[in-house]
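To keep things clear, I will list the structure first and then write my remarks on it.
Just so we're on the same page: letters track the sequence lines, and every chain starts at 1. Remember, it's a predicted structure, so these values are computed and weren't measured experimentally.
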2 protein chains.
Amino acid sequence: MLSQVAEGENQVHFRMHQFLARENEKPDAMLYVQEGWACRYRLLSDGRRQITALYLPGDYCDPQWALGGVSSQPVVAITNVRALRLPCRIPSHAGFDGRHGFWQALSGTIERQANWLVTLGRKTALERVAHLLLELFERMRQAGLAYGQQCAMPLTQMEIADMTGLTPVHVNRTLQSMRARGLVELQSKWLRIPELPALREVAALTGHDMAG
Amino acid sequence: MLSQVAEGENQVHFRMHQFLARENEKPDAMLYVQEGWACRYRLLSDGRRQITALYLPGDYCDPQWALGGVSSQPVVAITNVRALRLPCRIPSHAGFDGRHGFWQALSGTIERQANWLVTLGRKTALERVAHLLLELFERMRQAGLAYGQQCAMPLTQMEIADMTGLTPVHVNRTLQSMRARGLVELQSKWLRIPELPALREVAALTGHDMAG
DNA sequence: CGTCCCCTTGACCTGCTTCAAATTCCGTGG
DNA sequence: CCACGGAATTTGAAGCAGGTCAAGGGGACG
């Protein structure tokens, strides 16, 4: 679907911690992430930070930009990122069927956001971290980047904390407990999930929370 | 903009606590809320509930339905509701400018959802309740339903709790404290905000969190 | 005038935070 | 190859914001 574009000419690279978009900026193009991870976040005046979206390979950054507004939240690279610049218009050729490409992506983004409202509002630390790790694994798997029961997981515990609304210290203790219970293996930026169903159980998902 | 429709024929009514949409249902039409409040929510297996969206007069319920998926969360009437049924298609005639009508609504919904991620993930009880009351007032004002510094506020403390991720008991104590500090007046389903700037300060907003 | 919500208050409890300090990891340069 | 420095992870101890449990009060409505 993207092969129509001359990839070489529109490919862009970002280094870790570099901005893909800044606050209040009207982005001139969407980015189709080919490699690497990025995140959108908001910073409160006293330093509290909440990550509001993750961009993984195969994701559009950000579908919402095509709806015409400015980007009200900065987007920063978590790892080095390789991406394609796409015109920031709604790809009308894709039709409105909602099952493919851009519309699928937009719809998925909204759905995931709604699921995180539930997790941040009502779930315990254990359930939050389980939700995050499950979502990451499922998204990586759908992108063809999972190998058996494992996938790359470049997030630091600090970043996990900013995603789950916890402190880094408590994320650490929660991960310890999950390792002790055999729910996950997580070391040197790789995640392995021995038993998906067990982790799903712990995450208190509802059946709508993600594909798989 | 909606006058093209024969209003009488497409008008529908819902009573308090009646469902506007059920889980897993593919809605046959969007609803343009003319009067009354509704909310979307998710229920966990042990009874925990999180409200993920509020629908006020002038809102579409729900823009996301036009993107083609099923409604993965139920929508229920908080008060009696009067609404117009609209075809569940993307109103292409509206153009993609993102400043009017449907696209504006979709974009606003996503933006509000992202703001609530920050609030649920990182803010204190006081900041959460302040955010909610401010958002309600601003949205009612934009709908032309605020009178001076006040507007209707039909939510029970239980519903405020399910929106802010708190317990009803703690919502009560938080409201007491806000009343004592003169931040809000809230009684018999009416909300009055003596000083908007003071409440904004307390809500720890960032300048992107809402119009006004 | 009784019943059902909703709101209110009190006492106690706990999951998570805070603060502080070690320890391990890892990229870089000698 | 090893020494070094900064970041990330880990551990401990103490505190607190908000949760839990339980009981009482008030207003709308039949």
**Contact nearer the 5' end of DNA chain D, comparing A/T156 with A/R122** = A/T156
**OP1 or OP2 of C/dC5 under 4.0 Å from side-chain N/O of B/Q157** = no
Separation of atom [atom1] in [X] from atom [atom2] in [N], rounded to whole Å:
{"X": "B/M153", "N": "C/dC6", "atom1": "CE", "atom2": "C1'", "value": "13 Å"}
{"X": "A/L126", "N": "C/dC16", "atom1": "CG", "atom2": "C1'", "value": "13 Å"}
{"X": "B/I160", "N": "C/dT8", "atom1": "CD1", "atom2": "P", "value": "10 Å"}
{"X": "B/H17", "N": "C/dC6", "atom1": "NE2", "atom2": "C1'", "value": "12 Å"}
{"X": "A/D162", "N": "C/dT17", "atom1": "CG", "atom2": "P", "value": "11 Å"}

**Prompt:** Would B/V184 and B/R192 satisfy side chain to side chain contact (heavy atoms under 4.5 Å, CB included), going step by step from the backbone distance to the final call?
**Reply:** CA-CA 6 Å; B/V184 300; B/R192 203 177 92 89; over 6 Å; no
[X] and [Y]: side chain donor to acceptor below 3.5 Å:
{"X": "A/T52", "Y": "A/R40", "value": "yes"}
{"X": "B/E111", "Y": "A/S72", "value": "yes"}
{"X": "A/Q18", "Y": "A/H13", "value": "no"}
{"X": "B/E127", "Y": "B/T124", "value": "yes"}
{"X": "B/E195", "Y": "B/Q149", "value": "no"}

**Request:** Pull out every residue in residues 164-186 of chain B that has a heavy atom closer than 4.0 Å to any atom of DNA chain C, ordered by number, or say none.
**Result:**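 When residues 164-186 of chain B is checked for heavy atoms under 4.0 Å from DNA chain C, the hits, listed by number, are B/V169, B/N172, B/R173, B/Q176, B/R179.
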**Request:** Output, in order, the C-alpha distance, side-chain angles, deciding distance and verdict of salt bridge (charged side-chain N to carboxylate O under 4.0 Å, His left out) for B/D162 and B/R48.
**Result:** CA-CA 8 Å; B/D162 285 342; B/R48 282 176 287 178; over 6 Å; no
**Prompt:** So what does the secondary structure string of DNA chain D come out as, 5' to 3', with Watson-Crick or wobble pairs under 3.5 angstrom, [ ] for crossing and | for pairs with another strand?
**Reply:** ||||||||||||||||||||||||||||||
With a 4.0 Å cut-off, would you call [X] and [Y] a salt bridge?
{"X": "B/R112", "Y": "B/E135", "answer": "yes"}
{"X": "B/E138", "Y": "B/R200", "answer": "yes"}
{"X": "B/E25", "Y": "B/R22", "answer": "no"}

**Request:** Please find the earliest and latest nucleotides of DNA chain D, in the 5' to 3' direction, that have an atom within less than 4.0 Å of any heavy atom of chain A.
**Result:**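 With heavy atoms of chain A under 4.0 Å away, the range is D/dT9 to D/dA13.
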**Request:** Write down the atom of A/G165, the atom of A/L120, and the distance for their closest heavy-atom approach.
**Result:** N-CD2, 4.1 Å
**Message:** Judged by each residue's nearest nucleotide on DNA chain C, which is more toward the 5′ side, B/M158 or A/A125?
**Reply:**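 The residue whose closest nucleotide sits nearer the 5' end is B/M158.
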